[in-house]
Protein chains: 2
Amino acid sequence: MVDGRLNSEERKAQIISAVIPLFANLGFKETTTKLIAEKCGVSEALVYKHFPRKEDIYTEIHKFCCDKSQDDKNELTNMEPSTQSLVMIIFTIVYSIYMNIEKDPEEAKNFKRLMFRSLLEEGDFAASFHKSHFEPWIPKIEKCIEAAVKSGDINATISPRLSIYFTHHIAVCLNLYSLPNQTVVNYEKEKEEIANEAILFALRGLGLSSQAIQQYYNPNTLLSFFKKYK
Amino acid sequence: MVDGRLNSEERKAQIISAVIPLFANLGFKETTTKLIAEKCGVSEALVYKHFPRKEDIYTEIHKFCCDKSQDDKNELTNMEPSTQSLVMIIFTIVYSIYMNIEKDPEEAKNFKRLMFRSLLEEGDFAASFHKSHFEPWIPKIEKCIEAAVKSGDINATISPRLSIYFTHHIAVCLNLYSLPNQTVVNYEKEKEEIANEAILFALRGLGLSSQAIQQYYNPNTLLSFFKKYK
DNA sequence: GTCTATAGTAGGATAGAC
DNA sequence: GTCTATCCTACTATAGAC
């Protein structure tokens with residue numbers, strides 16, 4: 001194999017990244033130790049030297065995925081609580097979850113599969129990922145919603161937290177139904193248009209007035225802004 | 001075992017219904033033939049007599065679930081295309097998917113798990129179920145949306161098909177995140193309130209004016225109507 | 001210290017013979 | 001129905017190569 005000899009840390013990292021697609025596509029049970037060794041280009045014995053049990057690789061993969069997606073959306077933290085920020089955040093949620101801008105599509109798909117598998121198991125990975133990567137944004141979003149209500153851009157009584165999760169769920173479920181190779185749900189639209197409609201649906205769902213949507217939601221502007229900070 | 005001797009058809013049916021929770025909770029690979037036999041209260045050989053391969057049981061379960069859920073929502077077919085009907089349909093989607101009125105909770109959970117597993121595999125089950133149980137309602141819903149637009153209750157330009165799927169996806173994803181025993185997402189609300197908020201979010205997302213929502217959406221009335229026809 | 005090769009245990013899945 | 005054979009799996013242990 002190309003790799004030659006690696007030190008302990010390097011080898012561990014190599015095994016982890018090589019094996020992610022296996023666990024993502026086959027699940028825990030169907031990923032055999034033989035397949036793992038083959039995919040890594042090393043002997044089974046070596047794998048066992050670094051990870052005494054198959055389960056250790058699985059949990060390590062989850063940790064790796066949690067660390068890795070340390071998103072750099074930090075610029076959102078500095079945003080003023082406003083309707084414009086709220087629109088930007090909704091756009092970001094849908095685009096980063098469903099459109100996977102500037103991520104390797106294969107890598108993104110593997111991550112999603114691992115996430116959905118977790119939800120069919122104990123949900124540990126999903127829970128810790130959510131707590132560390134999504135939950136922290138909620139207070140910020142709530143403030144934006146507050147600001148939008150104050151400025152009269154939102155004229156419905158909504159639960160901010162639930163509304164955010166509904167938006168999140170639409171994006172997640174669009175992913176879920178796009179996982180299989182065949183068409184499960186026929187949306188009859190291109191991916192970009194689906195994302196655009198989803199954002200509009202969510203903005204209306206959040207109670208934004210049509211004037212506010214027209215004023216603050218411009219897909220092209222937001223996209224260029226989004227790309228700039230990614 | 002209680003069952004005693006059954007003829008071929010009865011035994012097949014008994015095996016199928018006994019084994020659903022196994023495949024739903026453990027997946028294909030982790031459901032061993034031994035477990036299957038134990039759960040059915042028969043020998044492994046007898047199982048193999050009726051289903052030559054383990055896979056045959058799995059596919060039979062999918063067929064069984066597709067047939068079984070021949071929902072009796074047929075009264076919806078007779079509804080006039082109107083805003084009121086649209087609201088009723090959105091209510092029905094959220095309630096039948098997320099609230100599982102008048103279904104055994106365990107049975108409902110098994111069905112969901114099978115569905116989500118299918119989406120991580122080839123998606124055959126999910127695709128055929130969708131085609132036979134959800135897709136047929138779409139033309140009806142589209143007509144209701146048309147009627148609502150005409151009567152001025154909807155004042156946004158939306159894609160009817162996508163909007164319906166977004167509503168569907170919210171309900172499905174609420175299920176998905178409720179599958180694990182631990183709390184993955186903290187909604188901070190009771191299930192019924194979540195459903196109520198989801199319906200309101202969807203109605204606004206569909207572009208319904210707040211007047212129309214106030215006029216046509218009354219949870220208690222709809223619930224009693226829904227229960228009556230179930 | 002990194003790695004391979006090989007041999008082997010214990011147990012489960014599948015399936016045929018009886 | 002039981003018994004048995006075959007294959008595959010997770011995992012261990014050792015001996016030695018670079």
Side-chain angles (χ1 to χ4, degrees), chain A residues 1-64 113-114 117-118 120-122 124-125, chain B residues 1-16 18-62 113-114 117 120-122:
Chain A
M1 274 288 147
V2 169
D3 297 281
R5 283 163 182 263
L6 304 176
N7 67 34
S8 187
E9 251 179 65
E10 288 170 331
R11 180 58 74 194
K12 266 185 142 174
Q14 187 255 339
I15 291 172
I16 289 300
S17 58
V19 135
I20 285 176
L22 285 183
F23 280 109
N25 288 301
L26 300 175
F28 183 75
K29 195 83 180 207
E30 279 175 276
T31 299
T32 66
T33 52
K34 193 183 173 184
L35 272 174
I36 291 171
E38 275 173 15
K39 187 87 181 184
C40 298
V42 297
S43 68
E44 269 192 73
L46 186 61
V47 176
Y48 273 100
K49 182 150 268 172
H50 294 288
F51 302 96
R53 296 169 311 153
K54 188 181 155 188
E55 220 191 308
D56 297 333
I57 312 180
Y58 199 50
T59 53
E60 199 60 33
I61 281 177
H62 287 158
K63 272 192 216 162
F64 176 80
R113 284 184 178 277
L114 287 173
R117 284 194 190 282
S118 165
L120 277 170
E121 296 158 6
E122 298 307 312
D124 291 349
F125 174 46
Chain B
M1 273 291 147
V2 168
D3 297 281
R5 281 161 182 270
L6 304 176
N7 67 33
S8 185
E9 251 179 65
E10 289 169 332
R11 180 58 75 194
K12 267 185 140 174
Q14 186 254 341
I15 291 172
I16 289 300
V19 136
I20 285 176
L22 286 182
F23 281 108
N25 288 301
L26 300 173
F28 182 75
K29 195 82 183 209
E30 279 175 276
T31 299
T32 68
T33 51
K34 193 181 175 185
L35 272 173
I36 292 171
E38 276 174 15
K39 188 90 182 182
C40 298
V42 298
S43 70
E44 276 192 64
L46 187 60
V47 176
Y48 273 99
K49 181 156 266 172
H50 294 287
F51 301 97
R53 296 168 313 155
K54 191 177 151 190
E55 219 190 310
D56 297 332
I57 312 180
Y58 198 50
T59 53
E60 199 61 31
I61 281 178
H62 287 157
R113 284 182 177 278
L114 287 172
R117 283 193 191 284
L120 277 169
E121 294 158 6
E122 298 307 313

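Labels below follow one simple rule: chain letters A, B, ... track the order of the sequence lines, proteins then strands, and each chain is numbered from 1.
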E122(B) atom CD: more than 12 heavy-atom contacts under 6.0 Å = no
ask   = Going by number, which of residues 44-58 of chain B have a non-hydrogen atom under 4.0 Å from DNA chain D?
value = A45(B)
query = Just by distance, do the side chain of S17(A) and the backbone of A13(A) share a donor-acceptor pair under 3.5 Å?
reply = yes
request  = Would you indicate what S43(A) reaches in the nucleic acid, counting non-hydrogen atoms under 4.0 angstrom: base, sugar-phosphate, or nothing?
outcome  = base
inquiry  = Check whether E30(B) reaches the backbone of G27(B) with its side chain - one donor and one acceptor, N or O, closer than 3.5 Å.
reply    = no
ask   = Sequence neighbours excluded, which residues qualify as side-chain hydrogen bond (donor to acceptor under 3.5 Å, both in side chains) partners of E44(B)?
value = T33(B)
key: Donor-acceptor contact below 3.5 Å, side chain K29(B) vs main chain L26(A)   = no
inquiry  = R117(B): which residues meet the side-chain hydrogen bond (donor to acceptor under 3.5 Å, both in side chains) condition with it, sequence neighbours left out?
reply    = none
Along DNA chain D, first and last positions that approach a heavy atom of chain A under 4.0 Å = dT9(D) to dC18(D)
note = Y48(B) meets the side-chain hydrogen bond (donor to acceptor under 3.5 Å, both in side chains) criterion, sequence neighbours left out, with none
remark   = H62(B) meets the ring-ring contact (aromatic ring centres under 6.0 Å, His included) criterion, sequence neighbours left out, with Y58(B), F125(B)
